[in-house]
Amino acid sequence: MSLISEKDKKNLLRRQRKSDYFKKLCALVTWSSVLLLAVLLFQVSVDGFSWIDWQFITSFPSRFPERAGIKSALVGTFWLIGLIAIISIPIGVSSALYLEEFAKPGKLNKFIEVNISNLAGVPSIVYGILGLAIFVRFFALERSLLSGALTMSLLILPVIIIASREAIRTVPMSIRLGAYSLGATRWQTAWAHVLPASFPGIMTGVILALSRAIGETAPLIMIGALTFVAFLPEGPMDSFTAMPIQIYNWISRPQQEFHELAAAGIIVLLVVLLLMNATAIYIRNKTERRLK
Amino acid sequence: MSELSAVGSAPAVAGEKAEAVTEKALELQEVSILYSGIPAVKKVSCNFLRNNITSIIGPSGCGKSTLLRSLNRMNDFIHDVTIEGKIMFSSEDLYGAGVDPVEVRRRIGMVFQKPNPFPKSIYNNIAWAPGINGYEGSNDELVERSLKQAALWDEVKDRLHDSALNLSGGQQQRLCIARALAMEPEILLMDEPCSALDPISTSHIEDLLFELKSRYTIIIVTHNMQQASRISDFTAFMEMGKLIEFGETEEVFTNPKVKRTEEYVTGRFG
């Protein structure tokens, strides 16, 4: 004697099987993307790993692959990250704060919101053209680090604004009302409660946006970052190169050795990316614990 | 003693007859509140007296919370709200042209339905608001005094720098009251402050309100009619946005003038 009828049992079995299939399909999709990444990393490592040594990190590029290194590109990339962060974080976070906390909801606000979302989807080469026209030519900043950083900031600002707005929106309204009810102004509320509470989310968004920026090549090519730099930039007005540019340059050469150098460059770039993402996770965990 | 307090503005002692004090803390003149043109509160006129507890009762959606929020301009944060009529606070209209809502909220505090401590330490929950409002005394003293007033000091004095979020719901709500008291408001508005709490925490807070009324004017919205009858000196009954009856609590509960009030307080609807 069973608890349910034969017909119900069949039905239940069929539904359970469906659910099981779907679970397996989802798992397959997830793991195949991980697998793809693993294959890619493996391939790059096989090609480039033997080239990575202290000499590779500390040498300028060279015509001779065994003497070539990534020093100027690495330093250029760090310069870029620093400048982009200085430019884009204050602007991005302030914009998000304005849109969420100060601006009256309405048509204009909606219009800005839609536009920012659209800007996040604009191809990076378009930002490169914009940077070339505005920063390099119009403001006559030349092919400098500053031009590059400003262009890249434009590129990642929409991402930072969207991520910051999301983070700010997760702060419960009750906290704001609590602050207002004690005679706080909007600014005092935003500064003392909304920003600290949304800080982990904002930081995560910012660092992910920055790591997108350091991987971008197209805008830098457009504004004319150099591909062969045998010196280190000493200020924001110096010309520069960056890791993706250096990798691009090596890849486009005919010799096999340079292709392997490119792979080595990719490994270094990936390590920098991973370090940045790890920092994001570390900051988030640390501040989240403090808040709870 | 009771003769004296009736004359001057000295605070009345708790438990004293309500008639002794007649000074108005807030005076509502034909107040209507509209959300996008739809009235939620219709032409309410009444007086809230100093050093008394006034309860606002009524079925859900009757506009009592809306009315309460308008008393310290918390409705300003809701989109498309219009307020008609006048709310006089020491001879000035709260919605008058030159009135800064920030100043209004500094002087008329509020405690919300759900405890909403800041995700900071207990100490900073209390010290923050006076700090930004230019308080120059000792923070330690202020924190201790406020927590004592809210009957929370003994429970938290050894962990003032712990996160407020580690407190129980009832403790959090008393912390929110302490936080409001630290600003030394003239009026304390409470929007169903006990609805998220268990009976023991509720009775703590009710005892507390009884003690606070000698120094503050308290206006409390409650769903709990026993609570209204236990703690308040005056009771306002609202329905469908209208003020149906307003009077001394005893009167409203035992001998209401309006039939509808009687039906509500005896539990025949709502």
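Below, read A as the first sequence line, B as the second, and so on, with proteins coming before strands; counting in each chain starts at 1.
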Novice: So which part of B:I108 gets closer than 4.5 Å to some heavy atom of chain A, the side chain, the backbone, both or neither?
Specialist: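 Backbone of B:I108 only, per the 4.5 Å heavy-atom cut-off to chain A.
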Novice: Under 4.5 Å between any side-chain heavy atoms of A:W191 and B:I132, yes or no?
Specialist: no
Novice: Could you tell me which of B:M183, B:R106, B:M74 has the largest number of non-hydrogen atom pairs under 4.5 Å with chain A?
Specialist: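 Answer, by heavy-atom pair count under 4.5 Å with chain A: B:M74.
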Novice: Report the option among B:L189, B:V111, B:N116, B:N72 that has the most heavy-atom pairs separated by less than 4.5 Å from atoms of chain A.
Specialist: B:N116
Novice: Using non-hydrogen atoms and a limit below 4.5 Å, what part of residues 88-118 of chain A faces chain B?
Specialist: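 The stretch touches chain B at A:P105.
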Novice: Once ring pair (Phe, Tyr, Trp, His ring centres under 6.0 Å) is applied, do any residues pair with A:F135, and if so which ones, sequence neighbours excluded?
Specialist: none
Novice: So, applying side-chain contact (heavy atoms from CB on, under 4.5 Å) with A:S181, which one of B:R73, B:R69, B:M110 is it?
Specialist: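 Single side-chain contact (heavy atoms from CB on, under 4.5 Å) partner of A:S181 among B:R73, B:R69, B:M110: B:M110.
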Novice: Can you name the residues that form a side-chain hydrogen bond (donor to acceptor under 3.5 Å, both in side chains) with B:D100, not counting sequence neighbours?
Specialist: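 Here no residue qualifies.
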Novice: Students often mix this up, so state it plainly: with edges at 30° and 60°, are the rings of A:H193 and B:W128 parallel, tilted or perpendicular?
Specialist: perpendicular
Novice: Can you check whether anything in residues 163-177 of chain A gets within less than 4.5 Å of chain B, heavy-atom wise, and list it by number?
Specialist: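 At a heavy-atom separation under 4.5 Å, chain B is reached by A:S174, A:I175, A:L177.
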Novice: Is it the backbone or the side chain of B:R179 that comes under 4.5 Å from a heavy atom of chain A, or both, or neither?
Specialist: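 Contact with chain A: backbone and side chain both.
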Novice: I need the minimum non-hydrogen distance between B:A129 and A:L182, along with the two atoms involved.
Specialist: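 Minimum heavy-atom contact is CB-CB, 3.6 Å.
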